[in-house]
Colleague: 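Pasting a structure here, questions to come.
Whatever order the structure lists ligands and atoms in, that order sets their numbers, starting from 1. These numbers come from a predicted model, not from an experiment.
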Amino acid sequence: MCGIVGYIGNSDVVDILTNGLNTLKYRGYDSAGVALFDENKIKIYKAVGKLENLKAKLETVKSEIKNPSMGIGHIRWATHGKANEVNAHPHTSTSSDIVVVHNGIIENFKELREELTKKGCVFKSETDTEVVAHLVSEEYKTIGNLKDAVKKALVQLRGAYALCIMSINEPEHIVCARKNAPLIIGIGEGENVIASDIPAIISLTSNIIYLNDEEVAVVKKDSVSIEKFSGESVPLKIVKIAIETDAISKMGYKHYMLKEIHEQPSIVRNLLNGRIVDINSPIELPEIKMSKDVLQNISKIQIIACGTSLHAGQIGKYLIEDFAGVSAEVESASEYIYRKNTTDKNSLVIAISQSGETADTITAVKQAKEKGAYILVITNRPDSNITRYADSVLNVNAGIEVSVAATKSYTAQLLTLYLFAIYLAEVKGVDVSNFLEIKRELLSIPTKMEEVLTTEGDIEKKAEKLSGFKNVVYIGRGVNLSTAMEGALKLKEISYINANAYPAGELKHGPIALLDENMPVVSVLIPGHISYDKTISNCEEAKARNAKLITVTSSNDEKLNNLFDVIIRIPEVSNVLSPILAVIPFQLLAYYISNFLGKDVDQPRNLAKSVTVE
Ligand code: AGP
């Protein structure tokens, strides 16, 4: 949610800011703006809607922009106040001496706004952010130094923020700061750049500094200095990052989502590499720092996540209980944080988050940590905020995921959970030989995923037929209930078709009342498990109510042809490993329906990739 870019240097400031914002669009936004320090003035340009609208505006005012020496830019995902130009960032103080872009939420903005209004500050927008500009400006009046005024202002704020701030009186630098929201500084030669995330920086430099919570940085053209809010200076820790230029290119695919779906076999293959070297040996996860003695005695695990990561967590619970016999709970982070839960110092809490920025999951992890729990974070961004609270981190290594709809991170999370569940079982003394077959089959999964992808053309045709429905029901049982839930989530996220998932056995306890010829039922059918026959019976019940039936199945049983209107076949796979294959047709189905309906596949309306507010 929201993205920030700041730049100081001799290159084209407008180009760098807009290109940087372009790479952050995946975070979700509904307006954009820049502030340029040009001819000793701060010039601000904003536009509602796509970044292209801002670019078009900048093109029309080209003649008024001379030679900016620095600038800050922002894409906004509306939280306080509508998505309009007034509420778009950057925001200024009453006299416009201070200009600010912000990611996060200032929780006490109402009180601050009242106090500042009494002092004579004139507010223009409905945003929480604007208080920061006024506060800094007020402090500046007495302090006369931007960095110190920022520090003085920030200690008055409650909430989360990543900020870039410029002062009309200080043309040599941008001041930035953060608390509970990501911000990095890219170190170039004779130029420096600030951003919410790596993609906005990699075209300029691979040397970055991760700013920490409650740190403020003064970023000049050829130097950076950082200090804590308390005043203590912070030594610069420059990290060289691997440049993932492929990750932010569509590599010839029409959308990032399609490219990311296709990346899944190689991601899973890489994850398996080195983890299962010999199926007769136990799985090693050196990243798990918890001692094996402690792990052996673990009797309860709590899994916390949101959205797609929550679906991976539900499968994780199934695997941990099935393989290791350890009781596991799984809960949406937004529910966990507002109830009296039973986490204590004997708990192992597994937090799953692709982005590592999800506010609910981070709050849950902080709460669990305060209670003394051991925290294992499973994430695609080992450099993210959430890992600061982790005792161990498992990196799912899926590469930067740009499409808002998660695909490759999900299958990478699943694979990581398979490895962890087997690891836990083996540590707890379950005989290694119990897992020989599963390990052997896991090694074949990447090739089977490739096989599923070869049916893409067929799925595209089927998707076209399904795109006319307004409502769809997904059903699944056991380990594939979550596959059904993930399939439904994908469809609603990117096609806006109302799709709801139920345990197949629940259908007749209510949802069956919805069924008729306009409400297709989509199922997952994997033979070799009791759930297969039971789910077929549930499909029969739906057929009797005239519902069209669609199934994703690894069965070759010809009899299914009489029952189902649409069959999508996946390779033979055991029930327990099937979710990692069965989800791919659902991803493709959602993708092609959305594409056929002409929706914005990669950036669906109202959604943000990183949900940085609770
Ligand atoms: C997935 O398609 C969604 N965009 C969303 O549900 C997402 O999974 C959720 O917001 C959690 O994000 P995280 O994994 O980055 O924490």
Side-chain angles (χ1 to χ4, degrees), residues 1-3 25-29 77 180-182 196-197 255-258 260-261 264 303-316 330-337 349-366 375 377-387 389-390 393-414 416-417 482-483 485-496 499 501 583-584 586-591 594 599-614:
M1 274 170 175
C2 303
K25 286 193 307 193
Y26 72 89
R27 299 172 70 84
Y29 74 107
W77 189 89
N180 295 336
S196 305
D197 201 359
H255 295 102
Y256 283 108
M257 182 176 176
L258 192 57
E260 289 161 2
I261 290 172
Q264 296 179 103
I303 304 175
I304 302 164
C306 299
T308 290
S309 298
L310 181 63
H311 297 153
Q314 286 161 353
I315 294 176
V330 58
E331 191 170 4
S332 164
S334 60
E335 288 299 315
Y336 174 89
I337 56 183
V349 168
I350 303 180
I352 309 175
S353 174
Q354 184 285 129
S355 61
E357 281 185 37
T358 302
D360 286 318
T361 315
I362 292 177
T363 306
V365 161
K366 281 189 197 165
I375 311 287
V377 165
I378 297 181
T379 182
N380 193 31
R381 302 301 297 268
D383 50 356
S384 62
N385 214 358
I386 199 166
T387 61
Y389 311 100
V393 176
L394 285 173
N395 179 3
V396 305
N397 255 311
I400 291 174
E401 191 173 61
V402 176
S403 174
V404 167
T407 54
K408 62 177 182 172
S409 61
Y410 177 70
T411 43
Q413 287 167 348
L414 289 187
T416 307
L417 287 161
S482 304
T483 311
M485 292 174 82
E486 178 58 9
L489 179 67
K490 286 288 89 78
L491 186 64
K492 65 187 141 202
E493 276 190 301
I494 61 170
S495 72
Y496 319 144
V583 75
I584 299 176
F586 286 148
Q587 296 169 343
L588 286 168
L589 213 51
Y591 171 80
S594 170
K599 306 292 184 208
D600 190 345
V601 175
D602 284 331
Q603 287 161 40
R605 69 183 182 202
N606 305 338
L607 292 179
K609 184 75 181 160
S610 300
V611 185
T612 50
V613 295
E614 277 173 24

Colleague: How far is atom 16 (O) of ligand 1 from its nearest protein heavy atom, and which residue and atom name does that atom have?
Modeller: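 Residue, atom and distance for the closest contact: Thr358 OG1, 2.4 Å.
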Colleague: Hydrogens and angles aside, do Gln354 and Asn380 bring a side-chain donor and acceptor to less than 3.5 Å of each other?
Modeller: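 Gln354 vs Asn380: donor-acceptor pair found between side chains.
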Colleague: Tell me which one of Arg381, Glu493, Lys609, Glu401 gets a heavy atom nearest to atom 4 (N) of ligand 1.
Modeller: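 Minimum heavy-atom distance to atom 4 (N) of ligand 1 goes to Glu493.
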Colleague: Between Glu401 and Lys408, is a side-chain contact (heavy atoms from CB on, under 4.5 Å) present by the stated rule, with each step listed?
Modeller: CA-CA 7 Å; Glu401 191 173 61; Lys408 62 177 182 172; 3.5 Å; yes
Colleague: Check whether any heavy atom of Leu607 sits under 4.0 Å from an atom of ligand 1.
Modeller: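 Leu607 does not count as a contact of ligand 1 under the 4.0 Å cut-off.
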Colleague: I'd like to know if Lys490 contacts ligand 1, where contact means a heavy-atom distance under 4.0 Å to any ligand atom.
Modeller: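 Yes, Lys490 has a heavy atom closer than 4.0 Å to ligand 1.
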Colleague: Identify the protein heavy atom lying closest to atom 15 (O) of ligand 1, giving its residue, its atom name and the separation to 0.1 Å.
Modeller: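 Minimum-distance protein heavy atom for atom 15 (O) of ligand 1 reads Ser355 OG, 2.6 Å.
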Colleague: With side chain to side chain donor-acceptor pair (under 3.5 Å) as the test, pick out the partner of Thr308 among Glu493, Gln413, Lys490.
Modeller: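 One option only clears the test, and that one is Lys490.
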Colleague: By number and element, which atoms of ligand 1 are closer than 4.0 Å to a non-hydrogen atom of Ser309?
Modeller: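 This gives 8 (O), 13 (P), 14 (O) as the contact atoms.
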Colleague: List for me each residue that meets ring pair (Phe, Tyr, Trp, His ring centres under 6.0 Å) alongside Tyr591, sequence neighbours excluded, and say none if there are none.
Modeller: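 For Tyr591, the residues satisfying ring pair (Phe, Tyr, Trp, His ring centres under 6.0 Å) (neighbours in sequence not counted) are His255.
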Colleague: Go through ligand 1 atom by atom and flag the ones less than 4.0 Å from a non-hydrogen atom of Ala406.
Modeller: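 Every atom of ligand 1 under 4.0 Å from some heavy atom of Ala406: 1 (C), 2 (O).
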Colleague: Going by the order shown, which atoms of ligand 1 are within less than 4.0 Å of some heavy atom of Ala405?
Modeller: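 Numbered from 1, ligand 1 contributes 2 (O).
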Colleague: I want to check something: taking the side chain as every heavy atom from C-beta on, are Cys306 and Val611 in contact at a cut-off of under 4.5 Å?
Modeller: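 Side-chain contact under 4.5 Å: no.
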Colleague: Quick check: does any side chain N or O of Gln587 sit under 3.5 Å from a backbone N or O of Ile261, one acting as donor and the other as acceptor?
Modeller: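 Side chain of Gln587 to backbone of Ile261: no pair is present.
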Colleague: As an exercise, state the distance from CD of Glu486 to CG of Leu310, rounded to the nearest 0.5 Å.
Modeller: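 Atom-to-atom, Glu486:CD and Leu310:CG are 10.0 Å apart.
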Colleague: Can an N or O of Val611 be found at a distance shorter than 3.5 Å from an N or O of ligand 1?
Modeller: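 Checking ligand 1 against Val611, no N or O pair falls under 3.5 Å apart.
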Colleague: Using a strict cut-off of 4.0 Å, indicate which atoms of ligand 1 neighbour a heavy atom of Gln354.
Modeller: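 What qualifies from ligand 1 is 13 (P), 14 (O), 15 (O), 16 (O).
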Colleague: Between Gly28, Gly307, Cys306, flag the one that comes closest to atom 11 (C) of ligand 1 by a heavy atom.
Modeller: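 The residue whose heavy atom sits nearest atom 11 (C) of ligand 1 is Cys306.
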Colleague: Provide, to 0.1 Å, the distance between atom 1 (C) of ligand 1 and the closest protein heavy atom, together with that atom's residue and name.
Modeller: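 Looking only at protein heavy atoms, the one closest to atom 1 (C) of ligand 1 is Thr308 OG1, 3.1 Å.
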Colleague: Please enumerate all residues that pass ring pair (Phe, Tyr, Trp, His ring centres under 6.0 Å) together with Tyr336, with sequence neighbours excluded.
Modeller: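 Tyr336 satisfies ring pair (Phe, Tyr, Trp, His ring centres under 6.0 Å) with no other residue.
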